[in-house]
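What follows is one structure encoded as structure tokens, with my remarks underneath.
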Amino acid sequence: MKTEELCYIFISSWSRHFANRLLAGLSNAGISVFRDEKEVGAAKEIDPTLVEAIGQSKTSIPIISLDYASSESCFMGLAKMLEWRDTRNHAIVPIFYGVDPSDIGSFAKHNKRGINWHLDSWKSALHRIGQLKGYRFDHTTDQDGRFISELILYVTWQLKNAELLGTSMPVGINNQVRKPMTKLDVDYRNGQAVAIRGNGVRMAWIHGIGGIGKTTLAKFIYSQLYPLFEGCSYLGNIREVSKTEPLEHLQSRLVSDLLKQEPISLDFVEEGIQHIANKFGRRRVLIVLDDVHESHQLKAFAGKLSWFGSRSKIIVTTRNTGMGYIPHMFAAYEVKPMKFDKSLCLFCRHAFGESSPRENYEDLSEQIVSKIGGIPLVIEVLGSFLYRKKKETWDETLHQLRKFQPVCLFFIGQDKRIPFYMWEDCDFCPSSGIDSLLLTSLVKIRENNKLSMYGLLRDLGLAIVRDEDPANPGRRSRLWNHEEALGVLRRKEMRQLKVLNLTGCNEMLMTPDFSNYPQLEMLILERCSQLVEIHPSIRDLTSLVSLNLKSCSNLSELPRNGLHGSAERTSH
């Protein structure tokens, strides 16, 4: 455990001996502890240093005894813990020392100082604390050694979760949370998971393109739910981790997390499946399987919902909605791009450290955000890139983004010469355009001069254009699907066309007449496997410099008199 993982212990006078032993145990486990040593009731105001200590800690342990009701500062400290739990994912592990959290009357009797003005607020705070997973300790027994060991193990687990979840509240997350919570049969009110409804085991399937915020949403839901369960496990980035780590190792981590014990040794996946299926049938568990890509990965961890006890919840995030295997009683939720106002707020947080654009940057910020769409990861990366940059850099970035969409939609996997023709026709500067995209790593050039791009960025471009008009492709600024484009690339004047790509037209026996394309410079007929004849008009294409006939297996000859002398032919 890292030394910066702090615990804050808020004690009362009746529990000092117990607190001393707990402090020693936590310290021996490598957990840094801040302890409030002041006499209960000694102050009517909470010490500012205590507020700071709570804020710097990842977990608070209020030790509540009968004399708690005599102290305004105790109550205010408890209120501060709850406030930070609501806004910063601060964990609270309450210990009820010799008291029943539901017995409000016993607290009123011990209200030695007559503090009645906050009794209703106290009841509300105590009710919320009572809903959390905590511990009751009877000081008349002599089992505090075993109790403290169990408590330290639980606090260590809490700190692990706190490190996973972070402290900031993601922008716009509340708009996304409600529907998945409903699908999981969770009572979610006023930004809090209040209770689990019913006894059924439920699985929520959170899907969407890369970078859209699936993992962020799953983590936030996990942070809201885990205090309500007997065992919890978060397995992150399964798609990538499983490339280098056997699934049985991940199964071992799952079992270890749910049982809060050291990892077990599993020799093969089937052994792990049997262990999971037989171990948790009576245990209420919360499991997050992040970035599952194939059905066998899901089967390894949650092949059947009957493996888990009543009211258990399993959350799966994935890009692959076509895995073909989904257990019974699942509910799907697609994460959509952020709305413009939330996107702008997130961008400004990273670009300015504020929630709105700075003076003289309003228009630039709005234009950039409108170009990159509502993809949180891209917004964060680009906002961070522009942080403290000169305005000239902002202008150049916006200019590059305008070039980025046609590249990601049309030209990935194509010869880099192809976008040159389009940009020249649009009065862009193609040489500097490609160079600037390369410098910012938006595109790369692979073997054979072909353009490539990260799948996430390509998905971003597709999502932006689809969102322009989901129902009517003809009204979008770009088209990339042959079926969508067919009725629209026919109504356009084609005499200025410089690149014609007919790759994979497997049913085409003869090419079209090229008389309407006198400016054609590149003709791509790759993988036209049934093509047997090229129209003779190809001889008149005096500007043709490249003809791609790869895998045209049934084409035996070119038109008589061949091609124009300067044309380069590829026909492997």
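Note that the structure is predicted; figures quoted are calculated from it, not measured.
Note: W394 and F352 have parallel aromatic rings, judged against thresholds of 30 and 60 degrees for the angle between ring planes.
Interatomic distance, L364 CG to I368 CD1, rounded to the nearest 0.5 Å: 5.5 Å. Rounding to the nearest 0.5 angstrom, the gap separating the CG atom in L386 from the CG atom in L398 is 10.0 Å. Atom CD1 of I287 is separated from atom CZ of F229 by 10.0 Å, given to the nearest 0.5 angstrom. Rounded to the nearest 0.5 angstrom, L225 CG and I196 CD1 are separated by 7.0 Å. Here the NE2-CG distance, from H275 to L254, works out to 10.0 Å after rounding to the nearest 0.5 Å. The distance from the CZ atom of F96 to the CD1 atom of I63 is 12.0 Å, given to the nearest 0.5 Å.
In this structure, the side chain of E362 does not engage the main chain of P357 through any donor-acceptor pair within 3.5 Å. A distance-only check finds a donor-acceptor pair linking the side chain of T317 to the backbone of D291 [under 3.5 Å]. S312 contributes a side-chain N or O that, together with a main-chain N or O of R283, makes up a donor-acceptor pair within less than 3.5 Å. Judged by distance alone, with hydrogens and angles left aside, the side-chain atoms of T397 form a donor-acceptor pair with the main-chain N or O of T393 at under 3.5 Å. Distance alone, capped at 3.5 Å, is enough to place a donor-acceptor pair between the S365 side chain and the Y361 backbone. Judged purely by atom type and a 3.5 angstrom limit, K214 uses its side chain to pair as donor or acceptor with the backbone of G208. Checked by atom type and distance alone, the side chain of Q297 never pairs as donor or acceptor with a backbone atom of V292 at under 3.5 Å. Judged purely by atom type and a 3.5 angstrom limit, S256 has no side-chain atom pairing as donor or acceptor with the backbone of R253.
When all heavy atoms of G272 and Q251 are compared, the pair lying nearest together is CA-OE1, 3.4 Å. Taking every heavy atom of both residues into account, I148 and L22 meet most closely at CD1-N, 3.8 Å. Of all heavy-atom pairs between K313 and R197, the closest is NZ-O, 4.5 Å. In terms of heavy-atom proximity, I372 sits nearest to I375 at O-CG1, 4.1 Å. Looking at every heavy atom in both residues, S252 comes nearest to I264 through OG-O, 2.5 Å. Of all heavy-atom pairs spanning I314 and A302, the tightest one is CG2-CB, 4.4 Å.
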Before you tell me yes or no, could you show the steps for N320 and R239 under side-chain contact (heavy atoms from CB on, under 4.5 Å), namely the whole-Å CA-CA distance, both residues' side-chain angles and the distance that decides it to 0.1 Å?
CA-CA 11 Å; N320 182 11; R239 182 168 60 95; over 6 Å; no

Does T215 form a side-chain contact (heavy atoms from CB on, under 4.5 Å) with N237? I'd like the steps, not just the answer.
CA-CA 9 Å; T215 297; N237 202 18; over 6 Å; no

List the steps, then state whether side-chain contact (heavy atoms from CB on, under 4.5 Å) holds for Y188 with T182.
CA-CA 8 Å; Y188 186 74; T182 300; over 6 Å; no

Does the side-chain contact (heavy atoms from CB on, under 4.5 Å) test come out yes or no for D185 and R311, once each step is laid out?
CA-CA 9 Å; D185 281 344; R311 310 174 85 194; over 6 Å; no

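Counting heavy atoms from C-beta outward, T216 and Q176 have side chains that stay 4.5 Å or more apart. Put simply, the side chain of M203 reaches to within 4.5 Å of the side chain of L298, judged on heavy atoms. Between L286 and Y234, every side-chain heavy-atom pair lies at or beyond the 4.5 Å cut-off. Counting heavy atoms from C-beta on, the side chains of C348 and E354 never come closer than 4.5 Å. With a 4.5 Å cut-off on side-chain heavy atoms, I315 and Y222 do not count as touching. Counting only heavy atoms from C-beta outward, the side chains of H350 and I379 never approach each other to under 4.5 Å. With contacts defined as side-chain heavy-atom distances shorter than 4.5 Å, the pair I238/D290 does not qualify. The shortest distance between side-chain heavy atoms of P263 and V255 does not fall below 4.5 Å.
The side-chain contact (heavy atoms from CB on, under 4.5 Å) search around P180 returns L217, I221, Y333, not counting sequence neighbours.
In the model, D257 has a side-chain atom that pairs as donor or acceptor with a side-chain atom of S233 under 3.5 Å.
Within a 6.0 Å radius of NZ in K336, no more than 12 heavy atoms belonging to other residues, nucleotides or ligands are found.
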